[in-house]
Each structure stands twice: as structure tokens, then as C-alpha cells.
Amino acid sequence: MLTDEENKFIEYWDKNRDKENKFMHQLAYGFPRGLIFSLPVLLAVIFHDWYKNMIFISKSQLIVILIAVMGIALFYTIFRMKFNWENNDQLYKELKFKQKKDAQPRL
């Protein structure tokens, strides 16, 4: 027997399964978390004057570092959202199997 929470998840995943697998949806919802993940590196580069013994960072190096940080954020976003989608899809399949098994008459 499925709980109410499991039934709600099945209904939600039936409606949103295809939408959440689209790249743009994953990018829109995951990129803020990716930026938060890469925020410490970004802050260390932007405020590099706080440590006086640090080497000088030129404008071109700063641009390369910013591009690298955005690449890290994008990779983290895609990886994390795909991982979450796979976990949700696996849970959905397990719950559907359990639902189908419960619906079968017992001998």
C-alpha cells in the first residue's frame, strides 16, 4: 500500500517528468545553485587585494578565471540536475512497480 506522499509524488512525476528532463529547465533551476557552489572562488578572485602577498592578476587572467568559474558552475548545474532527475525517475519506477504489485489479486 502506498502512502499519500508516495501517491502525490507519482502524480507530480507523471505531470513533470518530461519537463524536468529538458536542458533549459535544468539550467534555469540549477544554475543559481551552481553559482553558489562556485561563489567562494569567484569572491577570492574579485577581492584579491585583501591579501597583499598574492600575485598580481591582470585583466586577461581575471577574464579567464571568470570563464573557468562559470564553466565549473555550469558543470555542477548539469551534473546535479541530471543526478536528481535520475534519482526521481528511479523512485518513480519503484513506486509504480509497488503500486502494480499491490493492485494484483493475491491467491
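This chain uses plain numbering: 1 for the first residue, then up along the sequence. These numbers come from a predicted model, not from an experiment.
Expressed to the nearest 0.5 Å, how far CG of Leu35 lies from CG of Leu74 amounts to 9.5 Å. Rounding to the nearest 0.5 Å gives a distance of 7.0 Å between CG of Asn16 and NE2 of His25. With values rounded to the nearest 0.5 angstrom, Met81 atom CE is found 9.5 Å from Leu27 atom CG.
Contact check for Arg33 versus Thr77: no side-chain heavy atoms found under the 4.5 Å cut-off. Leu95 is not listed as a side-chain neighbour of Asn7, based on a closest heavy-atom distance of 4.5 Å or more.
Between Phe79 and Phe83, the two ring planes are parallel [angle under 30°; tilted spans 30° to 60°].
Gln26 places a side-chain N or O within donor-acceptor distance of the main-chain N or O of Glu20, the cut-off being under 3.5 Å.
Between Arg17 and Trp85, the shortest heavy-atom contact is O-NE1, 3.2 Å. Here the closest heavy-atom approach between residue Asp102 and residue Leu2 is recorded as OD2-N, 4.1 Å. Taking each heavy atom of Ile78 and Phe23 in turn, the nearest pair found is CD1-CE1, 3.6 Å. Annotation for Asn88 and Phe9: closest pair O-CZ, 3.5 Å, computed over non-hydrogen atoms. A pairwise comparison of heavy atoms in Gly34 and Tyr76 identifies CA-CD2, 3.6 Å as the closest pair.
Linking ILVMFWY residues whenever their side-chain heavy atoms come closer than 4.5 Å, directly or via other members, leaves Val64 and Val69 in distinct clusters. A continuous path of Ile, Leu, Val, Met, Phe, Trp and Tyr side chains, each step under 4.5 Å between heavy atoms, connects Trp13 with Leu91, placing both in one hydrophobic cluster. Linking Ile, Leu, Val, Met, Phe, Trp and Tyr residues whenever their side-chain heavy atoms come within less than 4.5 Å places Val41 and Leu39 in a single cluster.
Glu94 and Gln90 share a side-chain donor-acceptor pair at under 3.5 Å.
Around NZ of Lys98, the count of heavy atoms belonging to other residues, nucleotides or ligands within 6.0 Å exceeds 12.
Listed by chain and number, the residues in a salt bridge (Lys or Arg N to Asp or Glu O under 4.0 Å) with Lys93 are Asp89 (sequence neighbours excluded).
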Glu6/Tyr92 under side chain to side chain contact (heavy atoms under 4.5 Å, CB included): CA gap, chis, key distance, verdict: CA-CA 9 Å; Glu6 291 171 338; Tyr92 172 77; over 6 Å; no

